Amino acid sequence: MTAPQAAPQEIPFETASWGRRVLALVVDWFASLLVVSLFVPVFGTTGGPGGLYTLLVFVVESAVLTATVGGSFGKMATRLRVVRVDGGGHVDLLRSFGRAIAVALVIPPLVFRPDRRGLHDVLAGTATVPLQAARSPQA
């Protein structure tokens, strides 16, 4: 006899489309690249520290803005927000850093559930949602 499996956790939010998420990621990466290029040559160079600095700026920008205003620069520009699944509130800084580091590892966003939550969202207990859903979660 096999033990019954728990049903996947239902979330009270409409999750964001993959197109908007990818656009937000591209905006975040380009913004991070521009910030780093003010201090270190990154365009037209290979093998230098610029790539690592860009990744670090991306992680810090994403984590700090997600914890303070609900989303990274790219998510704000594409009208997306990151919310906690257990109540819809803002994500705390530690959870936000864990989520951003998981995104930087590349694999977690590629492993996702049917509700379009990537492994990084599942691990952090968050969901990426359109701005309208963040303001008024479904019952």
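Note that this is a predicted model, so its numbers are computed, not measured. Counting begins at 1 with the first residue of the sequence.
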Kindly give the heavy-atom pair with the smallest separation between Ala24 and Thr78, and that separation in Å.
CB-OG1, 3.5 Å
Applying salt bridge (charged side-chain N to carboxylate O under 4.0 Å, His left out) as the test, list every pair that has at least one member in residues 50-73; sequence neighbours left out.
none
Taking the side chain as everything from C-beta on, heavy atoms only, tell me whether Phe58 gets closer than 4.5 Å to Leu25.
yes
Considering only heavy atoms from C-beta outward, does the side chain of Thr66 approach that of His90 to under 4.5 Å?
no
Given side chains that start at C-beta, do those of Leu80 and Val129 come closer than 4.5 Å, heavy atoms only?
no
Mind checking whether Phe30 and Leu38 sit in one hydrophobic cluster, side chains of I, L, V, M, F, W, Y counted as touching below 4.5 Å?
yes
Do any pairs count as a salt bridge (charged side-chain N to carboxylate O under 4.0 Å, His left out) and have a residue in residues 92-105, sequence neighbours left out, and if so which ones?
Arg84-Asp92, Asp92-Arg95, Arg99-Asp121
Under 3.5 Å: donor-acceptor pair, side chain of Ser37, backbone of Leu34:
yes
Which Ile, Leu, Val, Met, Phe, Trp or Tyr residues join Val82 in one cluster when any pair of side-chain heavy atoms under 4.5 Å counts as a link?
Val91
Mind checking whether Trp29 and Leu55 have side chains closer than 4.5 Å, heavy atoms only?
yes
Expected output: side-chain Ser72 to main-chain Ser62 donor-acceptor under 3.5 Å
no
Count I, L, V, M, F, W, Y as connected when their side-chain heavy atoms are under 4.5 Å apart, and connections chain through other members. Are Met76 and Leu131 then in the same cluster?
no
Hydrophobic cluster membership, with links at side-chain heavy-atom distances under 4.5 Å among I/L/V/M/F/W/Y: are Val27 and Val103 in one?
no
Heavy-atom count around Leu94 CG within 6.0 Å, excluding the residue itself: above 12?
no
Minimal heavy-atom distance between Arg117 and Thr15, with the atoms involved, is CG-CG2, 4.1 Å
Side chain to side chain contact (heavy atoms under 4.5 Å, CB included) between Phe97 and Leu93, worked out:
CA-CA 6 Å; Phe97 262 105; Leu93 190 58; 3.7 Å; yes
With a 4.5 Å heavy-atom cut-off, do Arg20 and Lys75 have their side chains touching?
no
Could you walk me through whether Ile101 and Val59 pass side chain to side chain contact (heavy atoms under 4.5 Å, CB included), step by step?
CA-CA 6 Å; Ile101 291 168; Val59 167; 4.0 Å; yes
Looking at CG of Leu23 and CG of Asp28, how far apart are the two atoms once the value is rounded to the nearest 0.5 Å?
10.0 Å
Hey, is the main chain of Pro130 close enough, under 3.5 Å, to the side chain of Arg81 for a donor-acceptor pair?
no
Joint cluster assignment, Val22 & Leu105, ILVMFWY side-chain distance < 4.5 Å:
no
Are Thr128 and Arg21 close enough that some pair of their side-chain heavy atoms sits under 4.5 Å apart?
yes
